[in-house]
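To find a chain, count down the sequence lines: A is the first, B the second, and so on, and within it residues start at 1.
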Amino acid sequence: MFRYRISWSQLAWLGHRLSGIGVLVYLFMHIVENATLAFGPSVYDTTQTFFRNLPVRLGEIVLMAALVYHSLNGLRVVAMDFWPATTRWYRPMTYAVIVGTIVAMIPLGLIMITPYAPWNGR
Amino acid sequence: MDVQLRILRFDPERDDLAHWEEYAVPAEPSDRVLDLLHHVKWYQDGTLTFRRSCAHGVCGSDAMLINGRNRLACEYLVKDAGRAISVEPVPGSQVIKDLLVDLEGFWDKYRSVMPYLVNDEVPEDGKERRQSPDERERFDDTSKCILCGACTTACPSFWANPDYVGPAAIVNAHRFIFDSRDHATEERLEIMADADGVWRCRTIFNCVEACPRGINITRAIMEVTRQIEIRRP
Ligand code: SF4
Ligand code: FES
């Protein structure tokens with residue numbers, strides 16, 4: 001079955017799964033990270049310093065891309081569920097989701113990277 | 001010109017594992033992959049085993065994994081397949097020999113959806129069950145199925161769970177569920193609403209991409225799903 005030549009729509013499904021799992025894992029991490037607040041402000045502040053650097057920010061950009069993709073593709077799947085006739089355009093819809101994710105990530109990525117970017121005078 | 005044909009072969013009496021074998025086959029661009037298989041079987045190695053009957057895309061017996069996608073060998077031309085062609089049995093299925101797979105499970109699922117007209121009433125005029133062109137149109141797409149199994153064996157959901165009833169069976173359930181003359185809609189929807197029924201569809205569209213009849217299978221699956229949801233109390 002791994003010999004089967006992958007199509008864009010199969011890739012879209014795989015991406016949906018992976019981004020879903022990724023976002024879920026982040027959610028747990030986020031809960032743990034916020035729960036440190038229960039140990040007082042100093043513990044929380046120390047943990048937060050671990051999350052304020054370039055590698056983590058790059059990870060956050062990937063996370064944002066996963067979120068955007070998962071939402072857009074989710075809308076595509078929901079649309080096909082409610083209006084079966086829309087399945088006729090599954091290919092253009094799949095491409096639109098991929099292109100939409102890339103287009104949305106250009107400004108989002110720029111905004112998110114700015115605090116760490118060389119042009120920010122750091 | 002010669003085509004390099006790679007075939008994944010398996011002989012249960014001699015092999016533990018399937019292995020590739022290569023054949024140089026003379027071919028015209030207008031030849032079909034089925035012609036290449038015939039050439040191998042008739043002139044190079046008579047033990048090559050595969051199904052085919054009509055050789056014209058009607059019977060649905062020669063679905064195979066050709067160049068990484070499920071297709072009918074009798075419909076795929078050399079000019080589209082290229083000079084190097086690989087042929088394997090359809091995925092997710094028990095191989096009996098070479099390209100021949102066990103389709104018993106496939107037929108069991110087909111039978112499970114009651115793929116026949118259920119209506120015990122005598123028609124109004126005693127002769128015909130009438131239907132308007134619109135009513136006929138409602139299930140036109142799914143009436144085109146030739147039961148080749150290319151869709152079901154291309155489905156990742158089926159690979160992961162062989163108990164999934166599969167796109168082919170749903171297509172054939174759809175054909176009767178939306179037939180105005182049929183009276184077994186509720187029973188069929190019940191079968192489709194099973195845990196291994198329509199819910200296993202993940203809208204991956206491998207079935208649609210594989211169907212040699214160009215049936216919009218995912219649409220049929222979603223329409224059946226909608227019916228189940230609409231009718232739920
Ligand atoms: S729906 Fe298409 S791919 Fe599936 S069995 Fe019927 S003809 Fe073959
Ligand atoms: S041999 Fe009948 S469909 Fe190909």
Next on the checklist: Checking B:Val208 against A:Tyr90 for the side-chain contact (heavy atoms from CB on, under 4.5 Å) test, could you report, in this order, the C-alpha distance in whole Å, the side-chain angles of both residues, the deciding distance, and whether it holds?
Outcome noted: CA-CA 10 Å; B:Val208 177; A:Tyr90 78 93; 3.9 Å; yes

Which answer fits [X], side chain, backbone, both or neither, if we ask what part of it has an atom under 4.5 Å from a heavy atom of chain A?
{"X": "B:Ala154", "result": "both"}
{"X": "B:Glu88", "result": "side chain"}
{"X": "B:Arg226", "result": "side chain"}

Item to check | Taking every non-hydrogen atom, the tightest pair across A:Gln10 and B:Pro156 | outcome: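 The answer is NE2-CG, 3.9 Å.
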
Checklist entry - So what's closer than 4.5 Å to chain B heavy atoms on A:Leu14: side chain, backbone, both or neither? => result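 Neither part.
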
Next on the checklist: With a 4.5 angstrom heavy-atom cut-off, is it the side chain or the backbone of A:Arg88 that approaches chain B, or both, or neither?
Outcome noted: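 It is both, since atoms from each part get that close.
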
[X] atom [atom1]: more than 12 heavy-atom contacts under 6.0 Å:
{"X": "B:Gln94", "atom1": "CD", "value": "no"}
{"X": "A:Phe82", "atom1": "CZ", "value": "no"}
{"X": "A:Asn53", "atom1": "CG", "value": "yes"}
{"X": "B:Glu190", "atom1": "CD", "value": "no"}

Tell me, do [X] and [Y] make a side-chain contact under 4.5 Å, heavy atoms counted?
{"X": "A:Trp83", "Y": "B:Met222", "answer": "no"}
{"X": "A:Tyr4", "Y": "B:Asn70", "answer": "yes"}
{"X": "B:Asn206", "Y": "A:Ser7", "answer": "yes"}

Checklist entry - Are the side chain of B:Arg219 and the backbone N or O of A:Met80 linked by a donor-acceptor pair below 3.5 Å? => result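 Checked: no pair found.
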
Item to check | Separation between CG of A:Asp81 and CD1 of B:Ile221, rounded to the nearest 0.5 Å | outcome: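 Separation between the atoms: 11.0 Å.
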
Next on the checklist: Quick check on the 6.0 Å ring-centre criterion: do B:Phe205 and A:Trp8 meet it?
Outcome noted: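 When the ring centroids of B:Phe205 and A:Trp8 are compared, they turn out to be at least 6.0 Å apart.
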
Next on the checklist: Pair A:Arg5, B:Glu209 - check salt bridge (charged side-chain N to carboxylate O under 4.0 Å, His left out), show working.
Outcome noted: CA-CA 11 Å; A:Arg5 213 166 80 199; B:Glu209 303 245 334; over 6 Å; no

Checklist entry - Per the side-chain hydrogen bond (donor to acceptor under 3.5 Å, both in side chains) rule, which among B:Thr218, B:Thr203, B:Asn216 passes with A:Thr87? => result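 Only match with A:Thr87 under side-chain hydrogen bond (donor to acceptor under 3.5 Å, both in side chains): B:Asn216.
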
